[in-house]
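To keep things clear, I will list the structure first and then write my remarks on it.
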Amino acid sequence: MGRKNRNVNKFAQRKREKREQEKNPQAKPAEDTRKPYEDIVRENATFEEYYKAQKVCPDEEWSQFMSALKENLPTAFRITGSKCEANALMKIVKSEYFSDILNMKIKVEGHEEEEIKPVNLPWYPGGFAWQLRVSRTDIRRSEALYKLHNFLVAETAAGGVSRQETVSMIPPVVLQVQPHHKVLDMCAAPGSKTAQLIEFLHADEDKIPTGFVIANDVDNSRCYMLVHQAKRLNSPAILITNHDSAVMPALTISDPKNPELTKPLKYDRILCDVPCSGDATLRKNPDIWLKWSTGNGNNLHGIQYRVLRRGCELLEIGGRLVYSTCSFNPIENEAVVHRLLQETGDSVKLVDVTGELPGLKYKKGMTYWRPASKDMVFYEKYEEVPEKWQTVVRPQMFPPSPESADKFNLDRCIRILPHQQDTGGFFVAVVEKVAPLPWEKDEKDQKEQTDNEKTPSKPEPPKKRRRMGGYREDPFVFFSGDQEDVFPCIKEFYDLKEDFDPTCLLTRCHVGKKKNIYLVTPTVKDVVQRNEKNIKIINTGVKTFVRCDNKNMTCPFRLSQEGLQSISHCIGPERRVRILKEDLILVLQNDDPSNPPEIKQFSDHTKALVKDFATGSCILEYKDDELDLTLVGWRGVHSLRAYTATPDTVHYLRLLGADYSKYDVNKFKKASDVPEAVVPVPQAMDTHCEEEEDRV
Ligand SMILES: C[S@@+](CC[C@H](N)C(=O)[O-])C[C@H]1O[C@@H](n2cnc3c(N)ncnc32)[C@H](O)[C@@H]1O
């Protein structure tokens, strides 16, 4: 974690280094001075002195606290995806993976042997989160656990599993996102919490959410991690933006009562997972032992406060905001929250979340601490701070006086210490906005102002986007409606329902052949169209149709698995095949696009269904008491196949209880021992390009 130097363009830097190297091949490339994690001595006397003085942990638990911090971090993961798929995967995890390893002991770094002990996290909704005693590296290096490792890698790529540190799962849980919420994730990259927010937004699987998630990060290159994350989740309700969230622009949306008018966009839920010193991640990032100093926390307090304050300004009255850090430091935690509460008067309150996290062990927030300067002098009050430190140790960093402490309820903050349940450390504060902030105009004035602000009913066509931080984003070009050149043939071929709104489709180019067509929800479309000129949008929309100029298809666009869940309910019976289990297994096991299974190999049931079915892209559906699967398929002249990427193929075969052993490679065995094995593609990429056709 830690603060990023956001002016460094890593791509340009690498290019510069390469050019230098080419000019002067004798010169050594810049030396990597980082130590391997195994070699790092996990000690730092200043760290111990500082936190002992701050009393972050009771004296009687200090040695447990320190020993836990020196251990590697256990592995944790969540099971994700649709309810039926998650339930099915959960059963598989318990029966096929955990039953074998329950009492297994493996050799791990720094220990003779360690039990793996899968623990179900009691506070995670639906019981879908697990923690294992062993670290990710232990799993990767242990032959006994190769199947579990393969499972985690393949399912992560397929979106069936999200590997995420236990404590990092907490903020989205206490944010309590619902499908109608407008959600802002202010410091979102790399996006593990954004993924959870999106999952909660899609909790009602029968409906497209009316809310959305805006995932923002100041670091342009890290925004592309968010793009990757969003791609795994296939949501039409996410927007990725690139701003300094301390000055996050105020956006507008259409007023639902009168779409001719706009109103300021206020969010129902905001996650403020701010940049921090990261010292509670020491178990995962041991290099922090080498560079820890009190200066880190002091330097971050200002930006943390500004992001939190902006979050509160953008929050709807009655809305909830979660402030979190992976730092133990009260200067980055309670001091920031206290400063906010002081400055916002009674308009913002800390929420008591006892009961929202059943079974989670934590310490209450601190009500007293002492800011310190880099030379490890601690101060009771600002007046004691020597002049040379007064720009670093600020008056707002001090705790409330003992007389006023009660009114702030700082003890409602949550502090998780590593030894409490063998995790990383974490800090969480949940606040609710109960009234406009003192410096905000009162609601009535704002309403009058926006009611008078008429906007044209048709938004202006998008302009070519400006260069931003060295990256040029392609435009977001929405379909104009039924008249859009390619839409009539898509509508006809896919038998789209009359109420399908083509204006929610977009491409990323103004001119030339449309290649990929993306889908967004009506609310996301509204946000993009109303604000495109004021915000740096990096990405939005889920890929739904892909150009496929195949001579055997009357429509030049095939379906994409990414967007299928969002559009499936609009596609008519003309392009759906309800396939039998054995036939679905047949298409999935024969995933070589140059040699797809022939129709004559299928059951009579499926043969009859596809007999008069036009060639081209289609939906393969399968339903039983537990599973409800929808996959993109392809009806060839003589064949039928699935159009899924390798990780998805493995995922579906696993759920169907079919043989996927050719993908389950034991990397500890020599390649010559496993001639049939296929190495799974580690990320969810579409392995079938448009040029690949039915070649039978
Ligand atoms: C602790 S990480 C966020 C982790 C993320 N929430 C997750 O769960 O994956 C902090 C992030 O804040 C970003 N950041 C730092 N300063 C920022 C600012 N002023 N505005 C927006 N993002 C900022 C960093 O680039 C970094 O990606």
Side-chain angles (χ1 to χ4, degrees), residues 1-10 76-78 80 129 156 162-175 177 183-200 213-230 232-233 238-249 267 269-282 284-285 288 296-297 299-311 313-314 321-329 332-333 336 423-429 468-469 535-536 538:
M1 310 278 154
R3 196 177 202 175
K4 291 262 136 197
N5 178 356
R6 70 178 96 116
N7 295 322
V8 175
N9 178 336
K10 290 177 201 125
F77 65 91
R78 298 181 288 110
T80 58
T156 301
S162 276
R163 284 186 280 180
Q164 185 179 3
E165 196 185 337
T166 301
V167 287
S168 147
M169 300 177 195
I170 297 170
V173 173
V174 287
L175 201 54
V177 170
V183 186
L184 172 64
D185 189 349
M186 299 185 91
C187 305
S192 48
K193 297 182 194 76
T194 314
Q196 284 176 277
L197 301 177
I198 296 172
E199 286 158 28
F200 293 136
V213 174
I214 295 185
N216 176 72
D217 204 278
V218 73
D219 185 321
N220 187 283
S221 52
R222 284 172 72 84
C223 281
Y224 292 92
M225 297 176 168
L226 295 170
V227 174
H228 175 72
Q229 193 64 264
R232 281 178 67 235
L233 294 160
I238 177 169
L239 195 72
I240 295 159
T241 62
N242 178 206
H243 281 275
D244 175 354
S245 50
V247 287
M248 187 77 189
Y267 301 89
R269 295 290 184 264
I270 296 185
L271 178 58
C272 218
D273 188 38
V274 291
C276 65
S277 62
D279 60 17
T281 68
L282 272 166
K284 193 171 71 177
N285 301 306
I288 297 176
N296 301 347
N299 291 339
L300 286 159
H301 173 95
I303 181 66
Q304 291 165 334
Y305 171 70
R306 288 195 300 281
V307 172
L308 173 60
R309 178 185 147 121
R310 185 63 184 144
E313 288 173 348
L314 296 172
L321 177 149
V322 171
Y323 174 84
S324 54
T325 74
C326 39
S327 163
F328 295 120
N329 198 340
E332 299 177 64
N333 297 333
V336 174
T423 61
F426 215 68
F427 174 86
V428 186
M468 288 166 297
I535 51 170
K536 295 182 206 166
I538 299 292

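One-based numbering, in listed order, for ligands and for the atoms of each.
- Checking side-chain atoms of Asn285 against main-chain N and O of Ile288 turns up no donor-acceptor pair under 3.5 Å.
- Side-chain atoms of Asn296 do not come within 3.5 Å of backbone N or O of Ser277 as any donor-acceptor pair.
- The two residues Gln304 and Val336 come nearest to each other via the heavy atoms OE1-CG2, 3.9 Å.
- With hydrogens and angles left out, the side-chain atoms of Glu332 and Ser327 include a donor and acceptor closer than 3.5 Å.
- Distances between N or O atoms of Val274 and those of ligand 1 include no value under 3.5 Å.
- Considering backbone and side-chain N/O of Asp217, one or more are found under 3.5 Å from N/O of ligand 1.
- In terms of polar-atom proximity, Val307 is not counted as a contact of ligand 1, lacking any N or O under 3.5 Å from an N or O of the ligand.
- Atoms of ligand 1 found under 4.0 Å from any heavy atom of Ile303, numbered from 1 in the order shown, are 19 (N).
- Of all atoms in ligand 1, listed by their number and element, those nearer than 4.0 Å to a heavy atom of Asp244 are 18 (C), 19 (N), 20 (N).
- Residues Pro249 and Ile535 approach most closely at CG-CG2, 3.8 Å, considering heavy atoms.
- For the pair Arg269 (side chain) and Pro172 (backbone), a donor-acceptor distance under 3.5 Å is absent.
- Contact between Thr194 and Ala188 at its shortest, heavy atoms only, is OG1-CB, 3.5 Å.
- Interface atoms of ligand 1 facing Asp219, defined by a heavy-atom separation under 4.0 Å, are 25 (O).
- Numbered from 1 in the order shown, with element, the atoms of ligand 1 that lie under 4.0 Å from a heavy atom of Gly191 read 7 (C), 9 (O).
- At a 3.5 angstrom cut-off on N or O pairs, Arg222 counts as close to ligand 1.
- At least one heavy atom of Ser192 sits under 4.0 Å from some atom of ligand 1.
- Of all non-hydrogen atoms in Val177 and Val183, the two that sit nearest each other are CG1-CG2, 3.9 Å.
- At least one heavy atom of His243 sits closer than 4.0 Å to an atom of ligand 1.
- Those atoms of ligand 1 that come under 4.0 Å of a heavy atom in Met186, given as number and element, are 21 (C), 22 (N).
- Contacts between Cys276 and ligand 1, counted as non-hydrogen atom pairs separated by less than 4.0 Å, are absent for every part of the residue.
- The nearest non-hydrogen atom to atom 22 (N) of ligand 1, considering only Leu226, Asn220, Val218, comes from Val218.
- Residue-ligand proximity, Ser245 to ligand 1, at heavy-atom distances under 4.0 Å covers atoms 18 (C), 19 (N), 20 (N), 21 (C).
- Shortest non-hydrogen contact noted between Pro171 and Val428 is CG-CG2, 4.5 Å.
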